[in-house]
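Structure first, commentary second.
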2 protein chains.
Amino acid sequence: MAKQAKFDRQAVINLATNLYWHKGFHATSMRNLQEEVDMRPGSIYAAFGSKEGLFKEALKNYTDMAKNQINQCKQMYNSPIEALSTFIKALVLDTRENAPNGMCMLAKTISELTPEHQELIDITKSHLNEIASEFVKLIQEAQNLGQISQDKSAEDLANYIQVQITGLRTFAKITNDKSKLETMIDDIFTHYPF
Amino acid sequence: MAKQAKFDRQAVINLATNLYWHKGFHATSMRNLQEEVDMRPGSIYAAFGSKEGLFKEALKNYTDMAKNQINQCKQMYNSPIEALSTFIKALVLDTRENAPNGMCMLAKTISELTPEHQELIDITKSHLNEIASEFVKLIQEAQNLGQISQDKSAEDLANYIQVQITGLRTFAKITNDKSKLETMIDDIFTHYPF
DNA sequence: ATAATATTTGAGCAATCGTTCAAAAGTAAA
DNA sequence: TTTACTTTTGAACGATTGCTCAAATATTAT
């Protein structure tokens, strides 16, 4: 009958992540969050310290989700390239409809924040690097399988992939042509450095 | 001695554009703007109606500046491709140090705003399309000069350019390696569809 | 000069911001 | 039960938000 003894921390972080992802750091008020996660201010502050503290948890949670998605794609396909392109298609085509926001939450945060919140920027950058590392691993596997030339730097290619994803997810917000987007994603792998 | 009879509208819009560009729509308060443009609230509201009204002027102003920059590059080079790559290098390499924000103000706005401000989103989208049109013109000129195959759709290539710019400007925020960035920009024109 | 018009001023409004903390409610140990 | 401890509650704080408007000040017309 009564409320739970202790709130489900992960469930709360999930809800907070989605709201922050949807509205961004500044446009999300603590009152918005209180309603979303159904907790009173005192409880939130006891658990997370501040608006920034909860945001940090959300950033970490978002990154974990992204890394899990990558590994899921890895397991679904033998070909690392196929895994990568499936992951990108999911991001660019599906995420913008089903997720809180079509943009990558990390890119959105980098874009939004000023040096006034340097710590949050640094955390966000390091999360982006974590994700890039996953791409590096995928690309190295593809190189070992002979799908990509060994001459290319796996790090450079990972950066290239990240640039494409960021650019395409922004472009996806101004276009409705899904098949055009799909073509552009396929082009990443048929044309350029691969 | 006393203040001017009437404020310099364009100068005020320029200052407001820079502040909005730097901090984004939500994080910029009317009091921030009042200090930046040195006007009292009543004057600002008499001239621009609202925070959104002034933001609209800033978006338009930013777009005009961008279009002027493109045309400047056009006049500096005979080769449209060279003009384009110079423009992109200026955006990605210089803007992030000298401008209020390394990001494109329009992309930043698209990334920040939710459907709660649909009108601002629509305006921003249409400005992005205006800029894309400038790219289309440049590419068509390059096609007429035989620098790019006529088979390719100029619109598709313009979209591709826009994706690269958005992706690279975001990537530029997480990297300090300018020469790497320059290489990536050159690669746009040496590799893919050109 | 005087009157009429245009423009700027800034105190102040209601609403919301992030945050605090004493009190209430719930749980666990004795 | 009673005691000790943990967790939740929500009213309330000072600061800040976007914005208004009567009063003050410039400018222009006569």
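All of these numbers come straight from a predicted model, not from anything done at the bench. Below, chain A is the first sequence line, B the second, and so on; all start at residue 1.
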A:Glu97 and A:Lys178: CA distance, side-chain angles, deciding distance, salt bridge (charged side-chain N to carboxylate O under 4.0 Å, His left out) verdict: CA-CA 11 Å; A:Glu97 286 161 359; A:Lys178 282 190 76 163; 3.8 Å; yes

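- Looking at the side chain of A:Pro41, the nearest of the listed nucleotides C:dG10, C:dT20, C:dT7 is C:dT20.
- Counting to the nearest Å, the P atom of D:dG10 and the CG atom of A:Leu33 are 18 Å from each other.
- The side chain of B:Tyr45 has D:dC19 as its nearest neighbour among C:dG18, D:dG10, D:dC19.
- Comparing D:dC19, D:dG10, C:dG18 by their closest approach to the side chain of A:Arg31 singles out C:dG18.
- Classification of B:Lys56 and B:Glu119 as a salt-bridged pair holds, one side-chain N sitting under 4.0 Å from a carboxylate O.
- Note that B:Lys51 lies outside the cation-pi zone of B:Tyr20, set by a 6.0 Å cut-off to the ring centre and a 45° limit from the axis.
- Nucleic acid contact for B:Ser43: base, since at least one base atom lies under 4.0 Å from a heavy atom of the residue.
- Across the protein-nucleic acid pair, A:Arg40 atom CZ and C:dT20 atom P stand 18 Å apart, rounded to whole Å.
- For the pair A:Asn32 CG and C:dT19 P, the computed distance is 14 Å after rounding to whole Å.
- The side chain of A:Phe7 lies closest to D:dT8 when the candidates are D:dC19, C:dT19, D:dT8.
- Geometrically, A:Lys74 does not engage A:Phe87 in a cation-pi contact defined by less than 6.0 Å to the ring centre and at most 45° from the axis.
- Contact annotation for A:Glu52: no contact, since no heavy-atom pair falls under 4.0 Å across all strands.
- Looking at B:Thr175, its side chain never comes within 3.5 Å of a backbone N or O of B:Ala172 through a donor-acceptor pair.
- One atom, CG of A:Leu54, and another, C1' of C:dT19, lie 14 Å apart when rounded to the nearest Å.
- In terms of position along DNA chain D, the nucleotide closest to A:Ala46 lies nearer the 5' end than the nucleotide closest to the other residue of the pair A:Ala46 and B:Lys51.
- Ranked by how close their nearest DNA chain C nucleotide is to the 5' end, A:Gly42 and B:Gly42 are led by B:Gly42.
- For the OP1/OP2 pair of C:dT16 and a distance below 4.0 Å, the side-chain nitrogens and oxygens of A:Ser29 include no atom meeting the criterion.
- Regarding A:Lys6, its NZ atom lies at a distance of 15 Å from the C1' atom of C:dA28, rounded to whole Å.
- B:Met30 places its CE atom 14 Å from the C1' atom of D:dT16, with the value rounded to the nearest Å.
- Taking atom CG of A:Asp38 as the reference point, atom P of D:dG10 lies 10 Å away to the nearest angstrom.
- Between the P atom of C:dC21 and the CD1 atom of A:Ile44 lies a distance of 17 Å, rounded to the nearest Å.
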